[in-house]
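For reference, the structure discussed in these notes is given below.
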Amino acid sequence: MMRRGRKLGLSVLAVGAAALAGYVVRSERPTREPTRARASIGARIVEEVPPSATVVDVSSRRLGEIPGARRAIDRAVSADDRDRWTEVTFSDDDAWSVVDALRGSLPYHEADDEGYNGVYVKHGEDIVVIDAVGWARVEGVAH
């Protein structure tokens, strides 16, 4: 019986020491870590434009004001892969404003059953759809 009590006591002591060490390590970190928003603008070439979608020309001033939008479109056209999205990702304080600008300053198409959500853009002979993708991720700053 004494032997069992000793083993139990050592187990409790080991768990307690581990918990204390974890508390000390955690308390040395800043109490509030800054977070960084991440957003990506995705683009892909499409074959058809839904009848209710408005098509914007690639030279549109408003489109040019959205960081990364033209770069994503250019990547999609140069890749010429109609089955995949190309992305441009942001990791800064303006990531959320990129998403808002894309959805608010251009004719954004909400797809019901046809086509993709996003802004349809004419680039030469191609039609490209762009949208904010992966924008819900928020991560802590790496140390």
Side-chain angles (χ1 to χ4, degrees), residues 4-143:
R4 220 184 216 174
R6 184 177 284 170
K7 284 185 179 182
L8 181 63
L10 287 174
S11 295
V12 168
L13 181 62
V15 169
L20 179 61
Y23 174 77
V24 169
V25 168
R26 186 169 179 100
S27 67
E28 290 177 358
R29 292 184 188 164
T31 55
R32 182 173 173 176
E33 292 182 7
T35 57
R36 291 187 341 204
R38 291 182 56 135
S40 296
I41 291 184
R44 76 180 290 162
I45 297 174
V46 294
E47 297 296 326
E48 295 181 23
V49 177
S52 59
T54 301
V55 178
V56 175
D57 190 74
V58 73
S59 64
S60 165
R61 181 184 55 81
R62 287 190 290 173
L63 183 64
E65 293 172 353
I66 299 173
R70 296 282 298 269
R71 194 168 5 139
I73 293 167
D74 290 342
R75 284 183 184 175
V77 170
S78 68
D80 196 27
D81 186 352
R82 286 155 168 59
D83 296 327
R84 295 186 186 200
W85 290 86
T86 60
E87 293 183 27
V88 174
T89 302
F90 304 91
S91 297
D92 58 21
D93 296 337
D94 296 328
W96 292 108
S97 63
V98 170
V99 174
D100 292 340
L102 181 64
R103 292 178 176 236
S105 67
L106 293 164
Y108 188 86
H109 175 72
E110 293 282 346
D112 294 327
D113 290 334
E114 53 186 300
Y116 295 99
N117 288 338
V119 177
Y120 286 79
V121 179
K122 179 155 180 57
H123 184 285
E125 298 296 316
D126 295 312
I127 301 293
V128 178
V129 63
I130 61 172
D131 197 7
V133 293
W135 53 272
R137 296 179 294 203
V138 177
E139 61 184 31
V141 177
H143 293 281

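You'll find the side chain of L63 reaches within 4.5 Å of the side chain of I73, heavy atoms only.
Residues R103 and D131 are paired through a salt bridge, judged by an N-O separation under 4.0 Å between the basic side chain and the carboxylate.
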Next on the checklist: Working note: T54 + H109, criterion side-chain contact (heavy atoms from CB on, under 4.5 Å); need CA distance, chi angles, decisive distance, verdict.
Outcome noted: CA-CA 7 Å; T54 301; H109 175 72; over 6 Å; no
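Separation of atoms CZ (R70) and OG (S59) is listed at 7.0 Å; rounding is to 0.5 Å. Atom CZ in R71 sits 11.0 Å away from atom OG1 in T86 (nearest 0.5 Å). With rounding to the nearest 0.5 Å, the separation of NZ in K122 from CG in D126 is 8.0 Å. Summarising the geometry, atom CD1 belonging to I66 is positioned 11.0 Å from atom CZ belonging to R61; distances are rounded to the nearest 0.5 Å.
The two residues I130 and A43 have their closest heavy-atom pair at CG2-CB, 3.6 Å. Nearest heavy-atom pair, I45 versus V77, reported as atom, atom and distance to 0.1 Å: CD1-CA, 4.0 Å. The two residues A53 and Y120 make their nearest non-hydrogen contact at CB-CD1, 3.8 Å. For A132 against L102, the heavy-atom pair with the smallest separation is N-CD2, 3.3 Å. For the pair Y108 and G118, the tightest heavy-atom approach, listed with the atom from each and the gap, is CE1-CA, 3.4 Å.
D83 pairs by the side chain to side chain donor-acceptor pair (under 3.5 Å) definition with nothing, not counting sequence neighbours.
Put simply, the side chain of R44 gets close to the backbone of R82: a donor and an acceptor are under 3.5 Å apart. Judged purely by atom type and a 3.5 angstrom limit, R62 uses its side chain to pair as donor or acceptor with the backbone of S105.
Around CG of D57, the count of heavy atoms belonging to other residues, nucleotides or ligands within 6.0 Å exceeds 12. The 12-atom threshold is not exceeded at CZ of R84, counting heavy atoms of other residues, nucleotides or ligands nearer than 6.0 Å.
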